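First the structure, in the form of structure tokens, and then the observations on it.
First the proteins, then the strands, lettered A, B, ... as listed; each starts at 1. All figures in this text were calculated on a predicted structure; none of them were measured in a lab. FYI, side chains are in, hydrogens and waters are out, and symmetry mates aren't considered; it's all heavy atoms of this structure.
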Amino acid sequence: MPELPEVQTIIDDLNKVILNKKIKKIDILLSKIVRGTNSSFIKILKNNSFQNISRRGKYIIISLANNRFLVIHLRMTGQIIYLQGNNLIAGGHSDKSNNFNLPNRQTHLILHFTDQSQLFYNDQRQFGFLEIINQKGLGRIENKLGIEPLSKGFTYSYFQDLLKDKKRNIKAFLLDQKYIAGLGNIYVDESLFLAHILPTRSLDSLNKKETKDLYLAIKQVLKLAIKYRGTTFNNYKDAHGRQGNFIKRLKVYGQENQKCMRCQKGVIKKIRVAGRGTRYCPECQK
DNA sequence: CTTCTTGTTACTGA
DNA sequence: ATCAGTAACAAGAA
């Protein structure tokens, strides 16, 4: 479940260690994980290098030479792990089975660099993908995504305009990448909790204060999660011995049947909203 | 055995 | 046009 903060953590780590290293070999272990033909994918990457790594919503965008881009989407269980020797230098979204014996059963692609370091793409459920695109492809991604919630352009008045005249369910709206890019199930639930708003509410039912609170909550939750290096980085230490642990700061996600840690009155409930498991406090979210 | 999990797209029907 | 709902993708956990 890598969302904006997890993807941001991954690219921040990778940018420090992988730029300009020459790719000497590409192993595609699961063909369908690569969009487009495998042969052109390999042809473009071979002897190429990463010039810069950025993010748009949950998409990882790696600039290559020759105006090409390697785009990676982790979907639900994708991981990127960069190893130098036996040392994990940068990585993403490790789950319980934290096993650096790579490649393993879930490894679908390996990039080998000339300095012997390796980048592994792992994906248990195989929903993620890698793709080489050009400037035009970049435009296509841009066109389907809404604003970056941590960008300067995401002002309160921009947020108000987004909501205007819509009657949608608030959670479905926040999950929709074409309005705001990067939120997923975890941070939507956390933002709504922070703003004291029930996930079942509709946009046209929000008053001015609630709208403002939600706007601030989204930014606050995302910033804090990035500070703690995301939620799903549980059991690994990176090269600097840090552990990402926003999971310990989650207020509602995964807290069902627990007493609400804010009001100490409600018990966190889990229901289904917009097709997703949704957690909230029935006492202090209205 | 069944059910649930999550990101995204595609599709149906209101 | 807007929106809700559901299936699909795949593998593993409970």
Side-chain angles (χ1 to χ4, degrees), chain A residues 1-8 10 29-35 55-61 71-80 92-99 103-109 121-131 133 137 140-146 148-149 161-192 198-206 222 225 230-235 246-247 250 252-257 268-279:
Chain A
M1 307 142 288
E3 305 176 27
L4 188 155
E6 289 76 33
V7 175
Q8 186 68 48
I10 291 169
L29 308 176
L30 180 70
S31 173
K32 67 157 188 171
I33 216 76
V34 169
R35 290 194 179 172
R55 175 190 66 69
R56 185 69 176 91
K58 302 170 193 170
Y59 290 79
I60 296 168
I61 298 177
V71 176
I72 306 175
H73 199 300
L74 303 172
R75 290 282 171 91
M76 289 180 291
T77 52
Q79 306 176 326
I80 293 173
H93 179 249
S94 266
D95 54 25
K96 284 174 274 230
S97 66
N98 205 357
N99 154 15
N104 62 30
R105 223 166 72 259
Q106 302 177 357
T107 304
H108 307 311
L109 188 135
Y121 180 79
N122 281 16
D123 196 339
Q124 178 199 121
R125 287 166 70 180
Q126 307 172 15
F127 289 173
F129 64 89
L130 301 93
E131 183 178 18
I133 59 171
R140 272 195 294 273
I141 291 175
E142 187 59 37
N143 283 338
K144 61 182 176 189
L145 293 177
E148 284 291 331
D161 284 348
L162 271 185
L163 310 193
K164 204 157 53 186
D165 301 327
K166 293 192 182 70
K167 300 175 184 175
R168 282 190 89 171
N169 165 264
I170 179 67
K171 175 154 180 170
F173 167 80
L174 293 173
L175 285 171
D176 194 331
Q177 303 296 302
K178 75 169 177 267
Y179 299 116
I180 300 171
L183 293 173
N185 205 30
I186 296 173
Y187 297 111
V188 166
D189 279 7
E190 293 296 316
S191 299
L192 288 168
L198 286 171
T200 46
R201 295 274 298 278
S202 64
L203 290 178
D204 59 349
S205 77
L206 298 183
L222 292 176
T231 296
T232 43
F233 299 78
N234 308 354
N235 306 322
F246 193 70
I247 194 160
L250 293 174
V252 283
Y253 190 86
Q255 305 297 308
E256 49 267 32
N257 304 319
I268 304 303
K269 277 193 79 170
K270 184 179 171 193
I271 58 171
R272 188 156 289 269
V273 179
R276 302 310 176 93
T278 300
R279 287 84 170 174

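For the pair A:His73 and B:dG7, the criterion of a side-chain N or O lying under 4.0 Å from OP1 or OP2 is not met. Of the side-chain N and O atoms in A:Arg105, none sit less than 4.0 angstrom from OP1 or OP2 of C:dA11. Note on A:Gln177: every side-chain N or O is 4.0 Å or more away from OP1 and OP2 of B:dG7.
The number of heavy atoms from other shown groups lying within 6.0 Å of NZ (A:Lys166) is above 12.
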For nucleotides 4-6 of chain C, tabulate all protein N/O to nucleotide N/O atom pairs closer than 3.5 Å, reporting atom names and distance.
residue	atom	partner	partner atom	Å
C:dA4	OP1	A:Asn169	N	2.9
C:dA4	OP2	A:Arg168	NE	3.2

N/O-N/O pairs, protein side and nucleotides 9-14 of chain B side, under 3.5 Å:
residue	atom	partner	partner atom	Å
B:dT9	OP1	A:Lys144	NZ	2.9

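Within the 4.0 angstrom heavy-atom criterion, no nucleotide atom of any strand lies near A:Phe129. A:Lys178 comes within 4.0 angstrom of nothing in the nucleic acid, heavy atoms only. At a threshold of 4.0 angstrom between heavy atoms, the contacts of A:Gly128 with the nucleic acid are absent.
When rounded to the nearest whole Å, the span between CG of A:Asp165 and P of C:dC3 equals 10 Å. When the P atom of B:dG7 is taken as reference, atom NZ of A:Lys58 falls 5 Å away, rounded to whole Å. One can place CG of A:Leu74 at 10 Å from P of B:dT8, the figure rounded to the nearest angstrom. Here the C1' atom of nucleotide B:dT8 and the CG atom of A:Leu174 are 17 Å apart, to the nearest Å. Note: NZ (A:Lys32) to C1' (B:dT8) measures 14 Å, nearest angstrom. Whole-Å rounding puts the A:Asn104 CG to C:dA11 P distance at 14 Å. The CG atom of A:Asp123 sits 11 Å away from the C1' atom of C:dC9 (whole-angstrom rounding).
Atom CZ of residue A:Arg125 and atom OG1 of residue A:Thr77 lie 6.0 Å apart, to the nearest 0.5 angstrom.
Side chain of A:Lys171 to main chain of A:Ser202: no donor-acceptor pair is present (N/O by atom type, distance under 3.5 Å, no hydrogens or angles). At least one donor-acceptor pair under 3.5 Å links the side chain of A:Asn104 to the backbone N or O of A:Thr107. Between the A:Glu3 side chain and the A:Ile186 main chain, a donor and an acceptor come within less than 3.5 Å of each other. Side chain of A:His108 to main chain of A:Gln126: no donor-acceptor pair is present (N/O by atom type, distance under 3.5 Å, no hydrogens or angles). When atom types are taken as modelled, the side chain of A:Asn185 and the backbone of A:Thr278 share no donor-acceptor pair closer than 3.5 angstrom. A donor-acceptor pair under 3.5 Å is formed between the side chain of A:Glu190 and the backbone N or O of A:Tyr253. Without hydrogens or angle criteria, A:Asn122 side chain to A:Gln79 main chain gives no donor-acceptor distance under 3.5 Å. At distances below 3.5 Å, not a single donor-acceptor pair connects side-chain atoms of A:Glu131 with backbone N or O atoms of A:Arg35.
C:dA7 and B:dT2 have their P atoms separated by 16 Å, with the value rounded to a whole Å.
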How would DNA chain B look in dot-bracket form, 5' to 3', counting Watson-Crick and G-U wobble pairs with both distances under 3.5 Å and writing | for bases paired to another strand? .||||.||||||||

Between A:Glu148 and A:Arg56, is the salt bridge (charged side-chain N to carboxylate O under 4.0 Å, His left out) condition met? List the steps. CA-CA 7 Å; A:Glu148 284 291 331; A:Arg56 185 69 176 91; 2.9 Å; yes

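Of the candidates C:dC3, C:dA10, B:dG7, the closest approach to any side-chain atom of A:Asn185 belongs to B:dG7. Of all nucleotides listed (C:dG12, C:dA10, C:dC3), C:dG12 comes nearest to the side chain of A:Gln124.
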